[in-house]
Amino acid sequence: MHKSNRGSPDTHRPPEWRPRKHLPPAAPLLIALQLLIAAVPGVWPTRVWASAPQLAGLPAAWRDDRGQAFDLRTLQGHAVVLTMAYATCHRVCPTTMRRLLQMQRDFDRRGASAEFLVIGYDPDRDDAPAWHQYRETRHLTRSNWHFLIGTRATVEQTARQLGFEFWKYDEHVMHDTRILYFDERGKLVETRETAGYETTLR
């Protein structure tokens, strides 16, 4: 059973959470690269206009890495840690997973709990078998971890609502990465960018 600490000073804040307040030194270059690629024909950007999204406002219907239907509404009353990733990302996403694991350890140490959601950017390539192998290989098999697959339209809508930016150019994939923390009421209370942009060659 999930227990909330509504009366404590750190209510609605995940353990050991230190939001970054400054862009990394390479941010201007990355932004310039983003604008350059967005101007090239054949690019499909997912533009970001997120403002205090609620978990309940996201698309509800997904599939998990076992191919089973997963409804976000079943998470009502639970704290949720959410990110987006690629199964074949070799640099940024592994760093994000390590930070998620650290958060899991912090929750365990405090006797608290949360549901961890990893939403795939590319449902055409990152299907249920790919995510299942990913989590098995990396020992991310706890029952409160969910690797989710949606339609392309669902993924793009979710990315826009949550502030994740990504686009594809030929076989190249560009994406940013961040970790979002929703409290038990489904309110987004913390966002942390974990790295800069990643180019993934397919």
Side-chain angles (χ1 to χ4, degrees), residues 14 44-76 78-101 103-104 114-138 140-168 173-183 186-198 200 202:
W44 51 270
T46 296
R47 301 191 68 186
V48 177
W49 304 103
S51 58
Q54 300 280 329
L55 194 65
L58 301 179
W62 301 84
R63 289 182 299 112
D64 63 19
D65 65 288
R66 298 170 300 168
Q68 302 295 314
F70 188 93
D71 192 332
L72 289 187
R73 291 171 294 191
T74 63
L75 301 179
Q76 184 177 0
H78 295 269
V80 172
V81 177
L82 183 152
T83 195
M84 296 185 72
Y86 281 108
T88 54
C89 179
H90 299 296
R91 180 171 61 86
V92 175
C93 296
T95 299
T96 302
M97 294 301 157
R98 287 192 292 271
R99 294 185 180 182
L100 291 179
L101 284 168
M103 289 184 69
Q104 179 70 79
E115 300 294 314
F116 285 72
L117 304 185
V118 179
I119 295 176
Y121 277 117
D122 190 350
D124 296 328
R125 296 177 183 269
D126 294 338
D127 55 11
W131 277 126
H132 189 73
Q133 181 179 7
Y134 183 94
R135 70 181 301 181
E136 290 286 339
T137 301
R138 292 160 179 79
L140 305 173
T141 56
R142 290 179 59 154
S143 61
N144 63 318
W145 284 60
H146 313 281
F147 289 77
L148 304 182
I149 305 102
T151 65
R152 176 166 164 172
T154 297
V155 169
E156 291 185 356
Q157 178 184 342
T158 301
R160 284 193 299 269
Q161 290 180 252
L162 296 181
F164 290 86
E165 190 167 358
F166 73 102
W167 64 91
K168 297 177 71 174
V173 179
M174 294 289 289
H175 68 94
D176 67 356
T177 181
R178 61 192 62 196
I179 298 172
L180 281 62
Y181 180 76
F182 295 84
D183 65 15
K187 179 182 178 182
L188 177 62
V189 292
E190 295 287 353
T191 301
R192 180 174 182 177
E193 295 186 13
T194 60
Y197 284 88
E198 161 91 342
T200 303
R202 298 291 189 172

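- For Arg73, the salt bridge (Lys or Arg N to Asp or Glu O under 4.0 Å) criterion is met by Asp71, not counting sequence neighbours.
- Under 3.5 Å, the side chains of Thr96 and Arg99 contain no donor-acceptor pair of N or O atoms.
- Taking Pro129 as the reference, Asp127 meet the side-chain contact (heavy atoms from CB on, under 4.5 Å) condition, with sequence neighbours excluded.
- In terms of the salt bridge (Lys or Arg N to Asp or Glu O under 4.0 Å) criterion, Arg63 has no residue partners (sequence neighbours excluded).
- In this structure, Trp62 has no ring pair (Phe, Tyr, Trp, His ring centres under 6.0 Å) partners at least two apart in sequence or on a different chain.
- Listed for the Gln157 side chain is no donor-acceptor partner under 3.5 Å among the backbone atoms of Pro59.
- In this structure, the side chains of Trp145 and Asp65 stay at 4.5 Å or more apart for every pair of heavy atoms.
- Asp126 has its side chain out of reach of Phe147: every pair of non-hydrogen atoms, C-beta onward, lies at least 4.5 Å apart.
- Every residue meeting the side chain to side chain donor-acceptor pair (under 3.5 Å) condition with Thr154, not counting sequence neighbours, appears here in chain and number order: Thr151.
- In this structure the side chain of Phe164 reaches within 4.5 angstrom of the side chain of Thr83, judged on heavy atoms.
- Looking only at side-chain heavy atoms (C-beta outward), Leu101 and Leu140 come within less than 4.5 Å of each other.
- Looking only at side-chain heavy atoms (C-beta outward), Leu162 and Arg178 stay at 4.5 Å or farther from each other.
- His132 is linked by a ring pair (Phe, Tyr, Trp, His ring centres under 6.0 Å) to nothing, counting only residues two or more places apart in sequence or in another chain.
- Of the possible donor and acceptor atoms, one in the side chain of Asn144 sits under 3.5 Å from a partner among the backbone N and O of Ala114.
- Partners of Arg142 by salt bridge (Lys or Arg N to Asp or Glu O under 4.0 Å), not counting sequence neighbours, listed by chain and number: Asp108.
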